[in-house]
Each structure stands twice: as structure tokens, then as C-alpha cells.
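A short write-up of the structure that comes next.
Values in this document were obtained by computation on a predicted structure and should not be read as measured data.
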Amino acid sequence: MRALARFVVRYRWWVTAAWVLLAAAGAFAAPRATSALSYDFGLPGRPGYRANQEILHGFGSGGDDAPVLLVAGNGTRPVRPADAAAIVPAVRAAMPGARVASFGTDTALRSRDGRTGVILVYPRPGHGQDPYAAALPALQRVTRSSRVPLAVTGQDALMRGGGGGGAGVLAETVFGGVAALVILLLVFGSALAVMPLVVAAVSILTTFLIMWGLTRVTDVSFIVQYLLALIGLGVAIDYALLEVTRWREERGRGAVGTAAVENALATAGRSVLFSGLTVAVSLASLTVLPVPFLRSVGYTGLLIPLISVTAAITLLPALLVTAGERLEWPRRRSLSPVSRLWTAVGGAVVRHRWTAAVGSALVLLALASPLLGLRLGQPSAASLATSGGPAATALHRVRDAGLGAGMTHPVEIVTADPSRAEAAARAVPGVAGAVAPASWSRGGRRVVDVWTTDDTATAAGSTAARRVRTAVRATGARVGGIPAQDADFITAVYGNVPWIVAVIVVVTFALLLAALRSVWLPVKALVLNVLSLGAAYGVTVLIWQHGVGTEALFGLPASGAVTVWIPIAVFAFLFGLSMDYEVFLLSRIREEYDAGATTDDATVAGVARTGRLVTSAALILFFAFVALSRVPATDVKILATALALGILIDATVVRGVLAPALVALLGRANWWSPFHRRAPARTPGE
């Protein structure tokens, strides 16, 4: 690192110019990259995906797009087949090419008391994040012109009712950047606060440049633009903050000019390098999954720490030598990173190490306990309906009429023998109804829709849908729809998770072993990371699945389930990001120990010297995730919730209490390693 520092200092103008050119190219590429992003969540090669593609391309609609439900009647008088005969032509005129099933011809869509009827509509989907952006307004116009009381409901209508628009990626990045600037001004008390933001801006733009290249050779998910901009903002600032803080500390110790830069890069720069590699390793796990959109998240997510680290150890030293001292104005903060508050916290934790360790571990286990009830799937219609409105009222009418809550996410079957497939499906316990209109026929094959009594987001509904899939496959039919694709996703992703996690743990352990020159410190860091992840998952389940605070925090109803792809994505991002603060703390404790301090003194010094830094870094990343949660997609909000919680939990309970308590408890055992030089002797009683 010292050799790199000398190289960067010597050629600082060339290094700076190279990054400026990359940033300029990135600014040109960013809008072109975002316009080329994909909205496909498919699973090529999986049976559910193949069935959905056959339905979509052969019949023009449906598959993994949920139907829209037109609910007729107001509960005061029966609805008649003649009512449906008047509505269906208007629907077909508003939705050319849509698949329609009506209560006028299918008794399964009419309640037993005759007062509620449903017209099932599969509009032709559009491109982009909202496939029914044109269809829903057109169907709303049909309801207003109908003489029969009519309301629109279904998954997309309910999500529109509870959600809303949202600002673009640029606006969210500006929000996160302003919050970061405020925190940096409080940390440095000088114009030096802009330097980490410059590094972050250059890193983000450069990553967008590379992402643009990726979009030319593979599909890249639209989710990536938010992750790249907002997580990139937080990560790049965190790394720059660590180095700038160490540079100021070295100047406070008397180092001047290039010596302060070299010392900062040799210490903090080394920590940044290992931290970034740890994040990159965890994100690499997504690239081996058999899910294209998650692989694209992995590829581009992998770039975030790598580009941020590269900028932090090349561009930042060049800027510090060129303008660092001039930006130290007005100097309102001491150059020393030691915090009185965190010195007191570290001392208290070391003195009461058993109490701190046991108490904080119990807190983390309590926070993780809701994870035992985790349910993967689409948000339940009932949870979306708690936002109220006409769509929610119509959904409640369907449920109360006994037509089946699973109608919003039916199983779609493609078969040459519809009678046999329908009979097999109806024989399954938990099935509420099935339809197979003659108009849903193409080339000798027909689509049959089957729905369950319970919503497929519930345990009972998903079990019934799985049994339908098994029964119908035995007839030679193909089974699609959202429930089938979700089931395929869970099998494809989570069936391989144990092996992926094992590889990540081994590689991360090797990196930490090299960084910390200890066996037990990496083991401890990995165990604490598992506890931190579990706590973040648990609170996310509590908020989104069980609805504790969802309305207050997001103005949305609870989802009733966690979207199937989110846990693995959270693991990939949070495993590495949480490890950052462990590396920052443990590297500093190791440095103090190597300088001659006892384990207890090194622990207190490590907490005191990194406390303010890590707290500030965590707050910056937290506000980046707050900005991410402002994205209108509910899936992204759930992801942002888990990431924000994980960072807060790790920076407070884990890094502030549990990690230093365990270091104090392990004593000399912390420093044992068969691969490195023995630790020097310390005072008795250590």
C-alpha cells in the first residue's frame, strides 16, 4: 500500500485526470444504461416459466401477469347473465386481444346467492415496470359507463391503490447525498466534507459506464440502477471517510505532506481493500444462481465495492495531496479521532464483558425470532386491501361471496384435454373454482384457470396450489401462473443456498485471516454476522409480513409475505456490508495490540478511535437505504428495510457492544494463528 501511495502521489495529476475522464464518460452513459434495463423476472428452463411463456406468446396475455377482476353487483340484487353480456363487449372494445372469462357463461365466477359476479380479464401487458399502465385506466372507464355496479380489483389495482408514484434514481441519489453531506460536515467541521462525496460521485458514474457495457451483452434488471446509485453512494463514502479520518489523525501526530497520505493508505487503505473484497465476495454469490435478473444484480453489485475501493485507494490519495490541507477550513474539529463517548462505552463493555456479551446476544436472538415464521411469496391480496378504496371493497366482496381468495393469483394450465385437467384440479382439496372458456383456445390447446379457496400467499393457499400443480401435471398438462413461478424460484435459488453460503464463508474467512492475522477473530466476525443478519431478517418479517409499523413507516399495508428473491439478495449485500464495520473495528484493535497494548486496552482504544467513524459511516449508509425505500416498488422497499435495519443493528449492538465484549472475553486467544508470527508476550492477567 505504501508503494501504491508513492505511485499515486508522484502521478497524482494523471490519476486525477483518468478518473475525471471516466466520470465524464459515465455521465454520458448513465441515462443510456438506465433506458436499456430489463423488467423480466423470468426463470428460463424452469417448467413454470416455459408454461407462462407458452401462455403469453400463444394466447397474448397472462402467465406470470396476474388477472384484473371486474366485480359486478353491490349485494342488494342478483346479477344476471344479461348483465355480463352487456359488460363483456365493452371490455373487449377497451382491451383488444384480452382474454376474458365471464360470470355470464362460467358459474364458478358467480356467487351462490347470485349477488356477486366476476369478469376475469387478462389484458395484453405493456413493457416496463407497470405492465397494466394503460389497461387499468381503460377498465376504470368501462366501470364508469356501466349500468351495472362494477369495480376493478386484483393485484395490480390494489398495489396502485396503496402505492403511488416515486422519484427517479437521480432524485433519490440527491436525497442520500444531501443527508451524507450534513453528516460529513458534522464529522469534519470543514470543507473537507466534500471530498468523500467527490469520490462517491466518480465511483457511481464509473460504475454506470461499466453497467452500460453490460446491458449490451446481457439483460440487467431495473433494480440495479437504484442499488448502484444508493448503495454505491454509501459504500464509497464509507471507504473515503475511513481514509480521510486516518489521514487527519496522521497529521495530528505530526506527519506532513505525502507522509500522512502514505501512513493513511498503509493502515486505513489496507482495511478498505479487505472490506471491499469481502463485500465483493458475498455479492459474487448472486452471479452463480440460475436466475437471470439476480445474476445481473450480482454482476453490477460486484462492481460497487470494487470501483469504490479503487477510487478510495487511488483518486482519494491524489486529492488529499493536492487539496486536502486547503480544504481543512474552517477547522472546527480536533484532528484526533478519539471520542470521549465511545471511550466510555468501550471501557464499560470491557469491564462488564459477560453482561454485555450475554445481554446483546439475547437482544439479537429476540430480534431474529420472527424469522421462524418467514413466508416467501407475493403480497397477499388481503394485505394490499387494507389500504382501502374501491379496489379493496371489491376484493372483500369477492371473499365474502365465497368465490375464493386465490382468484387474484390463479394457477394457469395449458392442456390439450381441458376437461381432464379441470377435473383433476377440482378434485384437489382447497380448490374454489376453475374456468376454461372456449375462446381461450389456440392450435388445439386451451388455457384452464384454477384458483384456491385461500390466497396463495398463505400457507394453506400455497399448499393447495402445489397439489394442483402435481395433480394436473399427471394429466400431461403444463402448469404456469404466478404460484408456479414462485415455487420454481424457491427451488432454483434456495435449493443451492447451503453450498453458496459455505463457499462465501470459506473465502471470507481466508480474507479475514489475512487481514487480521488471527483465527478466532475471523470466526467471531462470521458468527456475529450471522446474528446480525438474523436480527435484520426478523425485524423485516415483523414489519412487512406481520404489519408492525408498516403503515406508520411507509404509508402502505403489510405485504403478508416476503417476496421470494429478497432474502438471498439481502444476504448477498448485507453479509459484506455488515462485515465492513467488523473489519474497521478489529483491524484497529489489532493495530493497537501490535503496538504494545494489552487486549483490554487495545479493545477500548479500538472502540474509541473507530466509534465516531463507524457511527457516521453507518448513518450515511442508513440514509442511502432510506432513499432506496422511497422507490415505489414494494419489493425494493422491503429490500431497503432489511438493509437499513442490518446496518443499524450491526453498527450499534454488534460493533458497539457484542464484538468488543467477545474480544475482551477471548483475551490472548484472539491473536492465535498457526499461519503468522506468534503474538508478543503481554502483561500477566491479560
Side-chain angles (χ1 to χ4, degrees), residues 16-41 125-131 133-134 163-181 194 196-237 240 283 286 292-308 310-311 315 569 573 623-637 639-640 643:
T16 304
W19 280 107
V20 168
L21 289 175
L22 286 172
F28 173 81
R32 292 159 178 80
T34 54
S35 65
L37 297 177
S38 167
Y39 293 86
D40 183 18
F41 287 81
H127 298 289
Q129 187 174 349
D130 186 355
V169 62
L170 178 60
E172 306 302 359
T173 307
V174 169
F175 174 86
V178 170
L181 179 60
V194 302
L197 283 173
V198 171
V199 173
V202 170
S203 300
I204 292 170
L205 291 172
T206 302
T207 310
F208 266 109
L209 174 63
I210 301 174
M211 187 185 82
W212 186 35
L214 282 175
T215 62
R216 311 302 291 269
V217 296
T218 186
D219 287 341
V220 178
S221 173
F222 78 98
I223 294 171
V224 162
Q225 61 184 317
Y226 300 106
L227 300 177
L228 190 157
L230 295 167
I231 296 181
L233 177 74
V235 168
I237 290 177
L283 285 166
L286 295 180
F293 96 88
L294 278 182
R295 283 205 301 267
S296 74
V297 172
Y299 290 137
T300 47
L302 188 65
L303 297 172
I304 295 171
L306 295 181
I307 299 300
S308 297
T310 305
L315 175 62
F573 279 97
F623 280 112
F625 294 140
V626 170
L628 184 62
S629 72
R630 288 155 46 92
V631 173
T634 301
D635 294 358
V636 179
K637 291 181 185 293
L639 175 67
L643 294 176

Got a second to check how far [X]'s [atom1] is from [Y]'s [atom2], nearest 0.5 Å?
X	Y	atom1	atom2	result
Leu228	Leu233	CG	CG	11.0 Å
Thr207	Ile304	OG1	CD1	7.0 Å
Leu214	Asp219	CG	CG	11.5 Å
Leu230	Phe175	CG	CZ	10.0 Å
Leu315	Thr16	CG	OG1	6.0 Å
Tyr226	Thr173	OH	OG1	9.5 Å

Shortest non-hydrogen separation from [X] to [Y] and the atoms involved:
X	Y	result
Ala229	Ile204	O-CD1, 3.3 Å
Phe208	Gln225	CZ-O, 4.0 Å
Ile237	Ala200	CG1-CB, 3.7 Å
Val199	Ala311	CG1-CB, 3.9 Å
Met211	Ala33	CE-CB, 3.5 Å

Does Thr206 have any side-chain contact (heavy atoms from CB on, under 4.5 Å) partners at least two apart in sequence or in another chain, and if so, which?
Trp19, Leu22, Val202, Ile307
For Leu227, check side-chain contact (heavy atoms from CB on, under 4.5 Å) against everything at least two apart and list the hits.
Ile223, Ile231, Val297, Phe573, Leu628, Leu639
Hey, does the side chain of Ser308 reach the backbone of Pro305 with a donor-acceptor pair shorter than 3.5 angstrom?
no
Within the distance-only criterion (no hydrogens, no angle test), does the side chain of Ser296 pair as donor or acceptor with the backbone N or O of Ser221 below 3.5 angstrom?
yes
Classify the ring geometry of Tyr39 against Phe222: parallel below 30°, tilted from 30° to 60°, perpendicular beyond 60°.
parallel
